Amino acid sequence: MIFKELIKIIIYGTLVVLFISVNALFLVWAERRVSARIQLRRGPIHVGWQGLLQTVADAVKLISKELVLPKEADRFLYILAPMLVFAPLLSAFLVLPLAQNVVIRDLNIGFLFIFSLTNITFIGIFIAGWSSNNKYALLGSMRAVAQNISYEIPLLLSTMGVVLLTGTLKMSELVPAQAKGWFLFTQPVAFLIFLCSSLAEANRAPFDIPEAESELVAGFHTEYSGMRFALFFLGEYTAIFISSAIAAALFLGGWQGPLLPGLVWFLIKTYGIIFIVMWIRWTFPRLRSDQLMALAWKVLIPLAMVNVFVTALVLELQKILA
Amino acid sequence: MIADIFFMGVALLTLLGALLAVSLKNVFYNALSLILSLFGVACLFIFLNSEFLAIIEIILYIGAIAIAIIFAIMLSSPMIQKKEEKPDVKKIARSFILAALFFWGLLQTLRRTVWPAANPEGDYSLGAIGKSLLSNQILPFETVSLVLLVAIIGALMLAEKKGTAR
């Protein structure tokens, strides 16, 4: 029994880590190709078929690079930070509904589990910026955390509309509830708020103020090199995947779809949203820091609250009329 | 078996975090140890099968309060504090007596309270928690919201006084 559990943990762990690495390599390649397409360039095309092996080559370069440790840095925290940023993202895979009846742990609290763990990622970012002993890194990490805790509120509020409609947080019940119609159509405002806030949560352009290279060099990971930098990078792309996967599960009907198996539909929807995210990144310019905060507090949060209120009102009216 | 090992690990982690939070010299490290301890408590909630309390512990205590503490440290003290302070015996004695009194009070309360075991068959879903908050527990719930409202208004007042333009 113990043995079986242990084997299960090891197998799932290995699969998730493997998926994360392949996913990040693919997404970096996709990002380059999409950006090239938008900017009328060609992007990586020489290494491997359509340049698919370019990111593998880059990864090998990153792994073989020297790990620089700044002299004045806080050694222990400096080494700890990339792990703290990366580890919570790994555990997010516990609750993703990959296909019908395929959820590693179907927790009662469902996707809230992921949102709570992202808080530990923020701590990791904070530690990274502080321990580097570099003013750009510190400024970047402060901006990142301020932005992340602000945008967490509209992110959570926007999902509440869906929760009101289904009356559950369980991933395994949220997806079948959309058999008749996706929540994208009944909760369009919530979907837009969710997409917008998850962009900000993942520090993606147009909300990439923590890493604004024209102001802050590279933000909180300025001092990081080699594999430690790669972990931040991996973390960013995994975060994009996870938030897109949650959006697909909550608003686009998750694994549901005709003909193809559930996992394929789930991945198609997730990567579709990721494509939109990339499209947004290469289309819009970066916001200013105060504009970003104003957007969160003055537009998104009131809008999300109104959405929750209207949803509850409509549900109650339906009850009275029926 | 695995659960037991994990439980021991989590319990040790919580205690270690609490110990480090009060014993380390660097303020930033103190805050981080506090986070470690809070995370351990959240894990203990998972062991008690109350996932909701666990995530609320993480979202509120780590995501909001601990981050606010770290922000305050960063905005007020130099980046890496190197100055070593001599331990003040009087201060330590004073805080020791206070802490001992408080601990004694806590111990008495713990001993005298009857701890009724929760019914394992009961409804512990989120919906049930929400319903009980807005029906049976409405008074504490509303009191807490009143306290929060006062805090918000207070924060706004404080922020406006130091404002420049107006």
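Here is how names work: the chains are called A, B, and so on, in the same order as the sequence lines, proteins then strands, and each is numbered from 1. Since we're looking at a predicted model, the values are computed, not measured.
Side-chain N or O atoms of A/Gln147 include none that pairs as donor or acceptor with a backbone N or O of A/Met293 at under 3.5 Å. Here the side chain of B/Ser145 pairs a donor or acceptor atom with the backbone of B/Phe141 at under 3.5 angstrom. Of the possible polar contacts, none joining the A/Asn148 side chain to the A/Phe122 backbone as a donor-acceptor pair under 3.5 Å is found.
Chosen from A/Leu77, A/Leu156, A/Leu117, the residue pairing most often with chain B at heavy-atom distances under 4.5 Å is A/Leu77. With chain A as partner, the option from B/Ile67, B/Ile62, B/Ile56 having the largest number of non-hydrogen pairs under 4.5 angstrom is B/Ile67. For the set B/Phe39, B/Phe52, B/Phe71, the count of heavy-atom pairs under 4.5 angstrom toward chain A peaks at B/Phe71.
Contact of B/Leu60 with chain A is not made at all, since no heavy-atom distance falls under 4.5 Å.
Sparse packing is recorded around CZ of B/Phe7, with 12 or fewer heavy atoms of other residues, nucleotides or ligands lying under 6.0 Å away.
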